[in-house]
K.L.:
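Structure incoming, see below.
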Amino acid sequence: MRGVRWRQVTRQVTRQIGRSITVWAASTATMLVLAGLLPDFQLQSPDGDSATRIAITAACGAGAFGVLSAVAWPLLVRLLLLVPALVLGLLVFFLNGSLLLLALRINPSGRGAVAPQTAVIVAAVMSAVASATGAALAVRDDETYRRRLHRLATRRRRSDPPCPTTPGLVLVQLDGVGHDVLTAAVRKGLMPTVDRWLSTGDGIRPTADDVRTVDDMQSTVDRQKADGVRPTHRLTPWRTDWSSQTGASQLGILHGSTFDVPAFRWYEKDRGEVMVCNRPTSAAELQRRAILHTGDRGLLTVDGASRGNLFSGGAGEQALVLSIAARRRSRENRSRAGYFAYFSDPAGAVRTALSFVAEVAREIGQSTRARLRGQRPRVGRGGLYPLVRAFATVVERDVVVAAVMGDMLAGRTVVYADLVAYDEVAHHSGPHSRDAEKVLQRLDRALALLERVAEHAPRPYRIVVLSDHGQSPGETFRARYGLTLGDLVRAGCGLPVPRRAGRTHSGAEARAAVRAALRRPVEEKSGRHRPVRGREPIVLASGNLGLVSFPDVHHRMTKEEIDARHPALLSTLADHPGIGFLLVRSEEHDGVVLGAHGVEIPLAALDGEPGPLARFGPGAADAVRRTHSFPHTADIMVNSAHEPADGEVLAFEEQIGSHGGLGGAQSRPFLLSPLDLSAPVGEREELAGAEHVHRVLRRWLRELHGPESPLTATATATATAEEEERVA
């Protein structure tokens with residue numbers, strides 16, 4: 001037995017030495033080629049050297065660079081942990097170039113010189129070649145692959161107890177991917193990992209919505225059994241609230257409450273501030289309110305990790321979490337996990353940096369091509385957007401996936417991660433565009449990687465994939481009618497309308513991730529966001545949902561009060577062809593829905609009337625009634641028109657793929673769960689609302705490792721006191 005083990009160790013050491021020599025040789029050859037191509041990179045003395053001498057210089061330089069990358073790089077990254085993640089990503093090139101300059105300086109041959117700007121290029125190419133060579137040699141070596149995965153894991157705390165044998169739960173949120181987009185992508189072969197999990201031949205596990213009768217369902221299942229198909233996951237659609245956006249959905253999923261989140265952005269009269277879900281201070285306040293409302297700190301309280309999210313979910317381990325970005329830097333919100341694990345690998349960091357540059361170039365090329373072709377609908381994609389897109393689709397994805405891998409290898413009980421790449425691209429390119437489909441392919445590869453990591457984790461894992469909302473296509477309200485919702489409101493109030501409509505801020509979640517990485521506490525320059533407009537209305541947009549508030553009136557105005565103040569406003573809005581319906585408070589009926597041509601339906605009578613909500617599908621009336629009950633619902637809630645035939649809506653923001661209100665695919669996300677977990681809902685039940693999804697996830701956690709430890713009153717009071725002190 002001892003002899004067999006010794007032979008295995010010897011064989012492994014021999015393979016490792018062989019791989020190291022091969023990578024060294026590849027790096028040496030790369031350095032020689034670059035020295036021949038780049039005039040500012042020399043491997044010989046000014047008087048010239050023999051080919052052998054130059055080769056020795058290159059070999060010594062490549063070896064020194066490799067040793068420095070393995071030894072000094074992790075130390076540099078650890079020293080720079082307080083640098084924001086995005087800045088650290090941009091520093092990768094310069095740090096790598098500095099290591100190359102140092103390697104040439106300590107070269108035993110005494111030869112070799114390179115200009116600083118050229119050193120950046122040489123170091124990046126050499127790191128990429130070394131990484132590709134090492135990966136190619138290790139692709140068939142499971143033991144080497146396992147070690148590479150463990151290097152990405154965060155360092156375990158020595159005080160941690162042994163890892164439990166009960167399964168852990170990994171929850172991956174594909175931001176903005178609707179149920180229909182997922183099923184279409186699987187049918188097109190864009191997401192082979194998801195297709196394999198569903199294993200139904202055509203890629204989709206049938207649901208009650210995909211077949212017309214019970215007989216159709218049974219015949220499909222019988223055919224699958226006959227073909228020997230064995231799916232591992234089930235696909236379940238679910239329905240969002242009226243506010244179909246990440247702020248509401250993720251708050252409900254992680255903290256069990258969507259109460260008083262009427263939109264992505266809204267004006268609170270009692271505080272005189274605009275709340276924006278992807279602003280760090282607002283996210284922290286919403287999380288505090290949810291904790292008070294539910295009485296516990298969230299889904300991830302017990303040994304959980306939160307990665308790339310708006311909210312923490314009560315997790316002890318957090319990276320790229322927006323609700324902690326506004327706090328003072330401390331040990332708790334330094335975001336070590338993920339950043340150090342990823343950037344400590346110089347080859348991986350260089351790959352990310354190169355991919356970032358490539359993605360910026362790809363976006364510029366795609367937007368230029370769309371503009372030259374006169375593509376419609378189309379929105380502006382200039383300014384900083386190429387950088388924001390590259391951050392979302394490359395940096396955020398790589399860091400979050402690496403952090404999740406580390407969590408799995410560390411044996412954490414529950415992990416929740418948000419990948420915002422698709423949502424960002426779909427906003428500007430369209431939810432069914434080729435650009436968005438390319439992103440879906442990359443997200444599927446990320447899921448495949450996590451699945452493979454689970455094979456090497458110290459405990460079994462169940463991987464659940466879900467989305468927070470979908471996206472509905474359509475041109476913008478401004479593009480179709482030549483004015484913004486704000487212009488229309490001003491016209492209805494008898495106020496002057498500017499000749500050129502101003503663009504609203506995009507609500508893309510990627511900007512939240514950028515601000516979390518940069519630790520920027522606010523979105524605009526106005527500090528506390530206290531609008532001062534006198535009697536003028538405040539008009540805010542959340543996708544195809546608009547909110548109108550009158551800041552000088554300290555309560556929610558009634559229809560009667562609005563009519564007395566601005567007699568033409570409500571009719572101007574309700575009769576406009578781009579408006580689907582309005583919600584206002586009523587002295588007579590508590591709340592009413594207004595439609596074109598004087599239609600006025602009390603909330604209590606919505607279910608019995610076809611009215612303006614009919615085309616928005618089942619559940620619309622309940623969603624509107626619930627939003628009406630929120631303390632901070634706007635004076636006038638405006639939902640754009642919706643065409644059921646093509647699923648299009650009219651965004652009040654500059655987005656051709658939008659979400660935030662009612663209408664189309666935006667209200668229909670998905671939940672993809674393993675079959676060995678209980679079904680989310682019964683056969684004839686509907687999974688409705690993010691709070692319902694939260695309860696399902698809670699149930700699965702109990703199924704996997706028993707009842708969770710209840711949050712004591714002391715812990716709740718402490719958490720609340722901490723949040724109140726921070727806000728103060």
Side-chain angles (χ1 to χ4, degrees), residues 171 173-183 205-210 234-264 290 293-294 299 464-472 542-545 581 583 591 593 603-604 606-608 611 613-630 633 637 639 642 644 647 649 659-673 677-700:
L171 304 160
Q173 177 180 303
L174 303 185
D175 205 299
V177 180
H179 179 270
D180 61 333
V181 166
L182 184 77
T183 54
R205 181 173 175 79
T207 67
D209 297 313
D210 298 322
R234 66 171 67 82
L235 182 62
T236 307
W238 65 279
R239 175 167 53 81
T240 67
D241 297 323
W242 189 357
S243 181
S244 54
Q245 47 88 20
T246 303
S249 293
Q250 196 178 90
L251 188 67
I253 293 170
L254 289 178
H255 288 279
S257 173
T258 60
F259 181 73
D260 205 18
V261 186
F264 182 79
H293 188 73
T294 61
L299 184 72
V464 173
V465 185
L466 73 163
S467 59
D468 49 346
H469 55 78
Q471 286 207 19
S472 297
S542 297
N544 74 316
L545 176 64
F581 66 90
L583 168 67
V593 168
L603 293 182
L606 281 179
D607 294 325
L613 292 186
R615 61 179 50 232
F616 292 91
D622 291 336
V624 169
R625 277 193 289 260
R626 186 168 189 269
T627 301
H628 175 71
S629 69
F630 292 165
T633 297
M637 300 288 289
N639 203 98
H642 163 56
V649 299
H659 58 88
L662 290 172
Q666 62 182 316
S667 302
R668 188 178 164 89
F670 72 88
L671 179 62
L672 181 66
S673 57
L677 297 174
S678 61
V681 290
E683 290 185 8
R684 302 188 180 280
E685 290 183 272
E686 181 185 23
L687 187 56
E691 294 179 0
H692 194 175
V693 175
H694 175 85
R695 293 193 295 272
V696 170
L697 299 182
R698 286 276 194 187
R699 186 215 310 158
W700 287 345

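Please read these numbers as outputs of a predicted model, since none were measured by experiment. Side chains are part of it too, since the values below use all heavy atoms of this structure and drop only hydrogens, waters and symmetry mates. Sequence positions, counted from 1, serve as the residue numbers for this chain.
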K.L.:
Once rounded to the nearest 0.5 Å, what's the spacing between atom CG of Leu299 and atom CG of Leu697?
P.N.:
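Here the interatomic distance stands at 5.5 Å.
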
K.L.:
Minimum heavy-atom separation for Ala248 and Ala690, please, with both atom names.
P.N.:
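Minimum heavy-atom contact is O-CB, 4.4 Å.
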
K.L.:
Do you know the tightest heavy-atom contact between Thr258 and Gly252?
P.N.:
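What the structure gives for the nearest pair is CG2-CA, 3.6 Å.
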
K.L.:
Could you check whether any side-chain N or O of Arg234 sits under 3.5 Å from a backbone N or O of Leu677, counting only pairs where one atom can act as donor and the other as acceptor?
P.N.:
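Such a contact is found between Arg234 side chain and Leu677 backbone.
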
K.L.:
Start with the C-alpha distance between Ser249 and Trp238, add both sets of side-chain angles, then the distance that settles side-chain contact (heavy atoms from CB on, under 4.5 Å), and finish with yes or no.
P.N.:
CA-CA 11 Å; Ser249 293; Trp238 65 279; 4.1 Å; yes

K.L.:
Hey, does Val624 have a side-chain heavy atom less than 4.5 Å from the side chain of Asn639?
P.N.:
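No. Closest side-chain heavy atoms not under 4.5 Å.
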
K.L.:
When you compare the side chain of Gln245 with that of Val261, does any pair of heavy atoms fall below 4.5 Å?
P.N.:
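They are in side-chain contact.
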
K.L.:
List the steps, then state whether side-chain contact (heavy atoms from CB on, under 4.5 Å) holds for His692 with Val681.
P.N.:
CA-CA 10 Å; His692 194 175; Val681 290; 3.7 Å; yes

K.L.:
Say whether, by atom type as modelled, one donor and one acceptor occur between the side chain of Ser244 and the main chain of Gly661 under 3.5 angstrom.
P.N.:
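Pair found, side chain donor or acceptor close to backbone of Gly661.
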
K.L.:
Would you say Thr246 and His469 are linked by a side-chain donor-acceptor pair, where the criterion is simply a distance under 3.5 Å?
P.N.:
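Side-chain D/A pair, His469 to Thr246: present.
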
K.L.:
Do Gln173 and Asp468 have side-chain N/O donor and acceptor atoms under 3.5 Å apart?
P.N.:
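There is such a pair (donor and acceptor under 3.5 Å, judged by atom type) between the side chains of Gln173 and Asp468.
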
K.L.:
Do Ser472 side-chain atoms and Gln666 backbone N/O form a donor-acceptor pair below 3.5 Å?
P.N.:
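Looks like yes, one N/O pair under 3.5 Å.
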
K.L.:
Do Thr183 and Phe670 come within less than 4.5 Å of each other through their side chains, counting heavy atoms only?
P.N.:
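The answer is no; the side chains never approach within 4.5 Å.
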
K.L.:
Closest approach of Asp241 and Gly689, non-hydrogen atoms and distance?
P.N.:
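What the structure gives for the nearest pair is OD1-CA, 4.0 Å.
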
K.L.:
Is there a side-chain contact (heavy atoms from CB on, under 4.5 Å) between His628 and Leu583? Walk through the geometry before answering.
P.N.:
CA-CA 8 Å; His628 175 71; Leu583 168 67; 4.0 Å; yes

K.L.:
Got a donor-acceptor contact below 3.5 angstrom from the Trp700 side chain to the Ser678 backbone?
P.N.:
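Here the side-chain-to-backbone pair exists.
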
K.L.:
Can you tell me how far CG of Asp175 sits from CG of Leu466, rounded to the nearest 0.5 angstrom?
P.N.:
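Here the rounded value is 10.0 Å.
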
K.L.:
Can you find a heavy atom in the side chain of Leu171 that is under 4.5 Å from one in the side chain of Ile253?
P.N.:
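Of all side-chain heavy-atom pairs linking Ile253 with Leu171, none is under 4.5 Å.
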
K.L.:
Indicate yes or no for a side-chain donor-acceptor contact from Arg625 to the backbone of Gly591 under 3.5 Å, with no hydrogens or angles considered.
P.N.:
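Not at all, since once roles are kept as given, no pair shorter than 3.5 Å links the two residues.
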
K.L.:
Can you check side-chain contact (heavy atoms from CB on, under 4.5 Å) on Phe581 and Leu662, steps first, answer last?
P.N.:
CA-CA 10 Å; Phe581 66 90; Leu662 290 172; 4.0 Å; yes

K.L.:
Between the side chain of Arg615 and the main-chain N/O of His642, is any donor-acceptor distance below 3.5 Å?
P.N.:
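Side chain of Arg615 to backbone of His642: a pair is present.
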
K.L.:
Ser257 and Thr294: which non-hydrogen atoms are nearest, and at how many Å?
P.N.:
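Heavy-atom minimum between the residues: CB-CG2, 3.7 Å.
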
K.L.:
Could you check if a side-chain atom of Thr240 sits within less than 4.5 angstrom of a side-chain atom of Pro669, using non-hydrogen atoms only?
P.N.:
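Sidechains of Pro669 and Thr240: in contact.
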
K.L.:
Closest heavy-atom contact between Pro262 and Leu545?
P.N.:
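Taking Pro262 first and Leu545 second, the nearest heavy atoms are O-CD2, 3.6 Å.
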
K.L.:
His694 and Leu254: which non-hydrogen atoms are nearest, and at how many Å?
P.N.:
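Distance-wise, the nearest heavy atoms are CE1-O, 3.6 Å.
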
K.L.:
Any sub-3.5 Å donor-acceptor pair from Ser629's side-chain atoms to Arg626's backbone N or O?
P.N.:
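Yes, because the side chain of Ser629 sits within donor-acceptor range (under 3.5 Å) of the backbone of Arg626.
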
